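Following: one structure in structure tokens, then a few remarks.
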Amino acid sequence: MSAPLYTRMLILGSGPAGLSAAIYGARAGLAPIVVQGIQPGGQLMTTTDVENYPGYREVIQGPWLMEEMKAQAEHVGAKIIWDSITEVDLSQRPFRLLGDGGKVYACDVLVIATGAQARWLGLESETLLRGKGVSACATCDGFFFRGKKVAVIGGGNTAVEEAIFLTNHSDDVTLIHRREQLRAEQILQQRLFANRKIKVMWNTVVERFVAGDDPQGLIGIDLSDTVTGAASHLLVDGCFVAIGHAPATELFRHESRLELDAEGYIKVQGGTTQTSIRGVFACGDVMDRIYRQAVTAAGTGCMAALDAQKFLAAEGFTS
């Protein structure tokens, strides 16, 4: 086996959080290495129109934004590697990690920016219409459905919050839930039921998302009643799947010293990105179960790099 590839700062993940950490880490002289992971660029690589990232007057494309961030990180000295980590040993420093192709990495500080993925229904029609009327983020995409009919799928806090949020843009919001009662907190339910712009379809599941001919975007949803089996159709222009997110922390579930919350998100110390293991930092959606925005991910990526730099300085490392 070849000698480990050593770096002071190793970053797992190449979305807004990971690349922001790389930019700040490189500017601090830490010569970071970014292991891109199984989805280089993160969730923005599957997002078309981005209208809420600061600094751009016109709508930009998610993949283009991530290519620009990657180029900036490389320009200031970060090294981007196409690999995916399969094993980690965080028992001592330098930390050791094993790549999918057998490469071993060693680092003094580790920044985990592996992100999270929206949970989807798993329908073929859903995949075909993502970005064409089907979304998993009302905060990101609700603006595009101003004055149109929209639906939200789910029954937890996220679904109720997104339905309420969408009333800022639409007077016709339908919440579709497969059960006869919601799982959301009572105060959220009260707000939902008090909002005249929202109606609820109980005991209902989505069978198919229906596309129009020209343009080929969402025009409706085929539904079925879970009690009677009766089929129905709902005309909508946009639909938001809000059945939760799954943080990409499978790699760390065996590491008992790295504390995760009940949903699998990495716990960090208040106001920092420091995890329960000294020298290991977490940023972006892998530790943020609330905001889940590109701009907040980038902000915590900056924080992770600054926290890591301070940690190394306190440990006696100098650039």
Side-chain angles (χ1 to χ4, degrees), residues 43 46-52 117-246 292-293:
Q43 296 183 67
T46 60
T47 303
T48 52
D49 293 346
V50 176
E51 201 170 22
N52 58 0
Q117 296 293 331
R119 293 190 175 99
W120 297 91
L121 299 175
L123 302 173
E124 182 179 357
S125 57
E126 175 186 58
T127 302
L128 293 173
L129 286 169
R130 287 186 197 174
K132 300 178 181 179
V134 177
S135 170
C137 182
T139 308
C140 308
D141 300 328
F143 182 76
F144 298 112
F145 298 94
R146 300 184 302 279
K148 298 182 178 181
K149 297 178 65 174
V150 296
V152 177
I153 300 169
N157 285 351
T158 299
V160 172
E161 288 171 348
E162 297 218 329
I164 295 171
F165 170 81
L166 285 167
T167 60
N168 294 317
H169 305 296
S170 170
D171 293 333
D172 191 338
V173 179
T174 302
L175 180 68
I176 301 170
H177 187 42
R178 60 181 177 173
R179 297 189 175 93
E180 61 183 9
Q181 61 183 9
L182 301 174
R183 294 176 287 106
E185 297 172 355
Q186 285 299 315
I187 189 169
L188 290 176
Q189 293 192 41
Q190 292 169 11
R191 293 171 184 168
L192 178 88
F193 297 138
N195 195 316
R196 296 184 179 181
K197 296 181 180 180
I198 304 172
K199 57 181 176 290
V200 181
M201 295 185 70
W202 303 104
N203 300 315
T204 303
V205 294
V206 176
E207 298 292 345
R208 185 169 70 99
F209 294 95
V210 181
D213 295 326
D214 186 25
Q216 293 183 339
L218 181 72
I219 61 170
I221 314 172
D222 287 338
L223 306 166
S224 66
D225 190 296
T226 60
V227 177
T228 66
S232 62
H233 182 79
L234 180 68
L235 292 173
V236 293
D237 301 293
C239 186
F240 297 86
V241 180
I243 57 175
H245 284 72
R292 299 194 303 269
Q293 300 297 304

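Quick caveat: nothing in here was measured; it's all calculated off a predicted structure. Counting begins at 1 with the first residue of the sequence. Because only heavy atoms are used, hydrogens play no part in the values below, and waters and symmetry mates are left out as well, while side chains stay in.
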Closest approach of Ala163 and Leu192, non-hydrogen atoms and distance?
CB-CD1, 4.0 Å
Any side-chain heavy-atom pair of Leu234 and Thr174 under 4.5 Å
yes
Exactly one of Ile243, Thr158, Val241 clears side chain to side chain contact (heavy atoms under 4.5 Å, CB included) with Arg119, and that residue is Ile243
Do Leu188 and Glu161 touch side chain to side chain, with heavy atoms closer than 4.5 Å?
yes
Between CE on residue Met201 and NE2 on residue His177, distance to nearest 0.5 Å
13.5 Å
Is the shortest side-chain N to carboxylate O distance from Lys199 to Asp172 below 4.0 Å?
yes
Sole residue of Ile221, Leu123, Asp222 in side chain to side chain contact (heavy atoms under 4.5 Å, CB included) with Arg208:
Asp222
What is the distance from atom CZ of Arg130 to atom OG of Ser135, rounded to the nearest 0.5 Å?
10.5 Å
Rounded at 0.5 Å granularity, tell me how far OG1 in Thr204 sits from CG in Leu175.
10.0 Å
Reported CD-to-CG distance for the pair Glu124 and Leu129, which is rounded to 0.5 angstrom
10.5 Å
Separation between CZ (Arg191) and CD1 (Ile164), nearest 0.5 Å, reads 6.5 Å
Asp237/Lys149 ion pair, N-O < 4.0 Å
no
Minimum heavy-atom distance Asn157-Ala184, with the two atoms named:
OD1-CA, 3.1 Å
A side-chain contact here means heavy atoms from C-beta on lying under 4.5 Å apart; do Arg179 and Gln181 qualify?
no
List the atom of Leu166, the atom of Gly142, and the distance in Å for their closest heavy-atom pair.
CD2-CA, 3.8 Å
All heavy atoms of Ile153 vs all of Phe209, minimum pair found to be CD1-CZ, 3.9 Å
Rounded to the nearest 0.5 Å, how far apart are CD of Glu185 and CD of Gln190?
11.0 Å
Cys137 to Gln293 - nearest heavy-atom pair and separation:
SG-NE2, 3.9 Å
Do the side chains of Val236 and Val150 get nearer than 4.5 Å, heavy atoms only?
no
Do you know the tightest heavy-atom contact between Glu180 and Asn203?
N-OD1, 3.2 Å
Within-4.5 Å side-chain heavy-atom neighbours: Val134 and Trp120
yes
Report yes if the distance between the aromatic ring centroids of Phe145 and Phe240 is under 6.0 Å, otherwise no.
yes
